[in-house]
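See structure below.
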Number of protein chains: 2
Amino acid sequence: MTFSTLEYKERIRKTKERMMEKGIEVLLITDPGNIYYLSGYNGWSFYVHQMLILIIDEDQPMWIGREMDANAAKVTTWLYRDNIIPYPDDYVHSETKHPMDFVAGFLKEIGQENRSIGVEMENYYFTAKCLERLKKAMPNSVFKDATLLVNWVRLIKSDTEIEYMKRAAVIAEKAMKAGIEMINEGVRECDVAAKIFHTQISGTEEFGGDYPSIVPLLPSGEKTSTPHLTWTDERYKDGDAVILELAGCYKRYHAPLARTVQIGKPSEKLKTLASVAVEGINACLDMIAPGIACEEIEETWRKTIAKSGFVKESRLGYSMGLNYPPDWGEHTVSIRKGDKTILKPNMTFHLIPGLWLDNYGFEVSESIRITENGCETLASMPRDLILKEYV
Amino acid sequence: MTFSTLEYKERIRKTKERMMEKGIEVLLITDPGNIYYLSGYNGWSFYVHQMLILIIDEDQPMWIGREMDANAAKVTTWLYRDNIIPYPDDYVHSETKHPMDFVAGFLKEIGQENRSIGVEMENYYFTAKCLERLKKAMPNSVFKDATLLVNWVRLIKSDTEIEYMKRAAVIAEKAMKAGIEMINEGVRECDVAAKIFHTQISGTEEFGGDYPSIVPLLPSGEKTSTPHLTWTDERYKDGDAVILELAGCYKRYHAPLARTVQIGKPSEKLKTLASVAVEGINACLDMIAPGIACEEIEETWRKTIAKSGFVKESRLGYSMGLNYPPDWGEHTVSIRKGDKTILKPNMTFHLIPGLWLDNYGFEVSESIRITENGCETLASMPRDLILKEYV
């Protein structure tokens with residue numbers, strides 16, 4: 001098992017505390033990260049509807065999923081077999097049946113329909129149709145918004161989770177170095193991406209890697225003006241800059257990392273941008289400590305780069321760790337103006353001061369853990385613009 | 001550009017035809033596959049809300065997305081710059097603001113709020129919260145369910161799309177062979193997965209690979225009783241069977257492929273299961289042709305395996321081609337009882353007669369194209385249980 005039963009039970013206890021605060025008696029959990037967090041369930045089956053049901057006065061959650069995935073639940077979770085409830089395959093991608101009809105029928109059967117039911121309104125895996133079908137089948141139920149309820153429980157990591165993230169960081173660093181090593185004039189973007197993937201999944205001799213929730217992002221040339229492009233099969237040219245954003249992943253826990261590489265001579269404007277961003281992130285890393293509010297980090301960043309006349313509109317970072325595609329972020333805390341979350345030890349963030357301008361950009365990032373008296377980066381690599389074959 | 005402007009315009013025309021049939025004047029498209037299909041937009045930014053708006057009496061759709069992704073829209077789409085509308089970053093993962101508030105404001109601004117508005121109710125990227133916020137901001141608008149409206153347009157592929165899928169199949173076959181080659185006693189699962197990933201992304205010397213929407217699935221040993229497990233860092237043992245399900249991907253078009261490998265001596269029951277499944281899929285491939293209903297394929301399969309006393313509850317296949325994580329399926333046609341879709345040339349399916357029993361299983365699959373008078377498999381590989389180091 002990935003975590004001890006004791007750790008799962010503690011997570012359930014904390015989740016129930018939040019349910020009570022919100023007056024939720026039955027929690028329908030559709031976020032695959034939350035399902036994994038509470039049950040251990042782990043498979044690429046989230047492309048069909050599946051759910052964990054946590055009832056306030058029951059010890060164990062129940063898993064509902066597609067029949068062919070029930071054996072995966074038996075293999076990966078700490079749940080009793082009776083708590084693994086499969087739905088028939090004709091509910092999958094059907095024009096008439098919907099898995100939420102099955103869920104509603106099940107909730108009625110076990111006498112839970114008249115209780116206060118929490119649903120994750122803002123989650124990829126709880127569509128508008130899901131709510132519509134549940135409401136139709138259970139017209140007398142009261143539905144409450146439980147978006148991020150479990151995610152907030154996940155904010156402070158246990159020592160085991162930190163250990164997994166540190167392993168992820170070892171992989172991230174290895175993958176980043178492999179990518180940087182390979183980038184050069186005449187090399188195809190897809191071959192660099194392939195090398196990064198290989199390193200991410202193969203991991204180290206001691207432990208293998210899991211798939212990160214986002215593929216490597218590696219825009220080059222003018223495409224560095226935007227962060228979320230993947231790769232092509234074109235060859236790098238002399239003068240291209242390449243932004244690399246990737247993560248290592250171990251047992252679904254991530255450590256993202258971004259660096260920028262220059263093939264040949266960098267432009268003066270990129271050199272300036274890089275030094276401003278690196279000065280900014282260093283200033284943040286120096287001041288981050290427990291007791292500080294998230295927005296204070298952003299303030300430090302903003303004031304540092306303002307000295308050189310730069311402004312960044314987008315957020316500076318976010319809470320991350322456990323997740324499934326399409327995102328490794330946890331969607332709770334953002335490091336930006338207005339976020340007053342107070343830092344505590346074992347919170348983990350991706351601090352990513354990317355700057356994307358009209359036709360160029362620069363990224364440097366660190367995955368960090370809040371320590372007892374400051375913060376530590378999970379990986380350890382120089383932050384400056386990386387020069388390849390500088391002429 | 002990935003497709004000619006002519007091809008995009010033809011897709012828009014067909015989409016508008018369906019909008020008219022359904023009485024939809026403004027279509028809000030959130031499925032990343034549909035967004036790509038109509039605009040060319042391609043980036044890993046679907047983890048935040050983004051949308052293509054197609055108005056019945058406008059020539060071009062409009063893209064709405066996060067500010068930092070607007071440059072990606074400029075790089076990858078055929079849209080006029082004026083049709084690329086960024087929303088500010090503080091709408092991202094916010095407890096107070098939601099991107100659908102921005103969308104509603106924009107629709108009001110351009111005088112579209114009183115028209116009939118189609119939304120993709122059943123899509124990963126249109127959450128229950130999306131609909132709630134749209135309805136709240138536009139209380140007088142009429143919302144109609146436009147789930148799969150564009151997906152149905154995608155059912156029959158153009159020659160360019162078929163060419164992309166054939167390239168994907170070349171990659172799939174190469175990745176499958178690389179995986180099979182490497183599987184052996186003492187080898188770690190993660191190292192096989194890494195090799196597959198490398199082959200998928202690096203592609204061939206002529207063209208590189210894109211990321212498939214599902215990672216390689218490779219359950220081994222007793223875990224072959226379920227299809228959607230990924231890998232661990234454990235080492236294969238003599239006697240393990242391994243199911244490999246993977247896809248090649250080229251410019252977001254997929255060709256999935258599944259095979260089963262046996263390390264050492266196979267059990268008699270697995271040999272039986274394999275020969276039944278292979279006989280079943282071969283019988284289907286022989287009878288598939290334009291004019292046949294999808295459910296007739298399933299009937300052929302069912303009757304063929306029934307002769308040996310086997311039953312399969314899950315569907316036999318589904319329409320596939322273009323998609324983004326978490327699925328390569330198109331969610332329209334299923335090859336199963338009750339699906340009366342009539343086959344036409346250039347429809348493409350993943351025919352996957354997997355059989356998962358209590359503690360073992362077998363998968364073999366083909367990506368197929370309906371031809372003028374039958375069908376062709378996109379890849380070309382023997383279908384039998386693959387024996388490694390048979391003693």
Side-chain angles (χ1 to χ4, degrees), chain A residues 43-47 67-69 71-72 75 88-90 92-93 119 121-132 147 188-191 193-195 197-198 201-203 207-209 211 214-215 217 223 225-230 232-233 313-315 318 325-327 329 331 334 336 356, chain B residues 43-47 67-69 71-72 75 88-90 92-93 119 121-132 147 188-191 193-195 197-198 201-203 207-209 211 214-215 217 223 225-230 232-233 313-315 318 325-327 329 331 334 336 356:
Chain A
W44 192 293
S45 52
F46 42 86
Y47 72 92
E67 196 159 35
M68 62 173 69
D69 297 317
N71 279 344
V75 169
D89 207 69
D90 59 353
V92 172
H93 302 155
V119 291
M121 291 288 290
E122 179 73 346
N123 189 272
Y124 311 109
Y125 302 99
F126 191 74
T127 64
K129 179 77 86 183
C130 285
L131 183 64
E132 185 185 78
T147 300
R188 296 190 307 177
E189 292 181 9
C190 59
D191 292 322
K195 178 76 184 171
F197 267 113
H198 189 278
I201 305 306
S202 152
F207 50 85
Y211 59 89
I214 303 178
V215 296
L217 303 169
K223 293 179 288 182
S225 61
T226 186
H228 297 123
L229 295 173
T230 51
T232 70
D233 52 15
E313 299 291 347
S314 51
R315 66 181 176 177
Y318 48 84
D327 197 9
H331 300 192
S334 285
R336 66 180 159 202
W356 304 280
Chain B
W44 193 293
S45 52
F46 41 86
Y47 72 92
E67 195 159 37
M68 62 172 70
D69 297 317
N71 279 345
V75 169
D89 206 70
D90 59 354
V92 172
H93 302 156
V119 291
M121 291 289 290
E122 179 72 348
N123 188 272
Y124 311 110
Y125 302 99
F126 190 74
T127 64
K129 178 77 87 186
C130 285
L131 184 64
E132 185 185 79
T147 300
R188 296 191 306 177
E189 292 181 10
C190 60
D191 291 323
K195 178 74 184 174
F197 266 112
H198 189 278
I201 304 307
S202 151
F207 49 87
Y211 60 89
I214 303 179
V215 296
L217 303 169
K223 292 180 288 182
S225 61
T226 186
H228 297 122
L229 294 173
T230 52
T232 69
D233 52 16
E313 300 290 348
S314 52
R315 64 179 178 180
Y318 48 84
D327 197 8
H331 299 194
S334 285
R336 67 179 158 201
W356 305 279

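Chain identifiers are assigned alphabetically (A, B, ...) following the order of the sequence lines, protein sequences preceding nucleic acid strands; residue numbering begins at 1 within each chain. Side-chain atoms are counted along with the backbone in the values below, which use heavy atoms only and exclude waters and symmetry mates. Remember, it's a predicted structure, so these values are computed and weren't measured experimentally.
In this structure, no portion of Glu189(A) lies under 4.5 Å from any heavy atom of chain B. Neither the backbone nor the side chain of Val119(A) comes within contact range of chain B, judged by heavy atoms closer than 4.5 Å. Looking at Trp356(A), the atoms closer than 4.5 Å to chain B (heavy atoms on both sides) all sit in the side chain, from C-beta outward. Both the backbone and the side chain of Glu313(A) come within contact range of chain B, each with at least one heavy atom under 4.5 Å from a heavy atom of that chain. With a 4.5 Å cut-off on non-hydrogen atoms, Glu67(B) touches chain A through its side chain but not through its backbone.
Looking at residues two or more places apart in sequence or on another chain, you find a side-chain contact (heavy atoms from CB on, under 4.5 Å) between His198(A) and Ser202(A), Ala194(B), His198(B). In this structure Ser334(B) satisfies the side-chain contact (heavy atoms from CB on, under 4.5 Å) test together with Arg315(B), Arg336(B), Asp339(B), sequence neighbours excluded.
Between chain A and the options Leu131(B), Asp191(B), Ile214(B), heavy-atom pairs under 4.5 Å are most frequent for Ile214(B). With chain A as the partner, the residue from Cys130(B), Ser225(B), Pro325(B), Ala193(B) showing the most heavy-atom pairs under 4.5 Å is Ser225(B). Between chain B and the options Met68(A), Lys223(A), Lys195(A), heavy-atom pairs under 4.5 Å are most frequent for Met68(A). Contacts with chain A were tallied for Leu229(B), Val215(B), Leu217(B), Thr232(B); Val215(B) has the most, counting heavy-atom pairs under 4.5 Å. Contact tally against chain B (heavy-atom pairs below 4.5 Å) for Phe197(A), Trp44(A), Phe207(A): the top residue is Trp44(A).
The only option from Phe126(A), Tyr125(A), Tyr124(A) that meets the ring pair (Phe, Tyr, Trp, His ring centres under 6.0 Å) definition with Tyr124(B) turns out to be Tyr125(A).
Residues Met121(B) and Thr127(A) share a closest heavy-atom pair of O-CB, 3.4 Å. Scanning both residues, Thr226(A) and Asp69(B), for their nearest heavy atoms gives OG1-CA, 3.7 Å.
Counting only heavy atoms from C-beta outward, the side chains of Tyr211(B) and Thr230(A) approach each other to under 4.5 Å.
At distances below 3.5 Å, not a single donor-acceptor pair connects side-chain atoms of Asp89(A) with backbone N or O atoms of Ser314(B).
Between Tyr47(B) and His228(A), the two ring planes are perpendicular [angle over 60°; tilted spans 30° to 60°].
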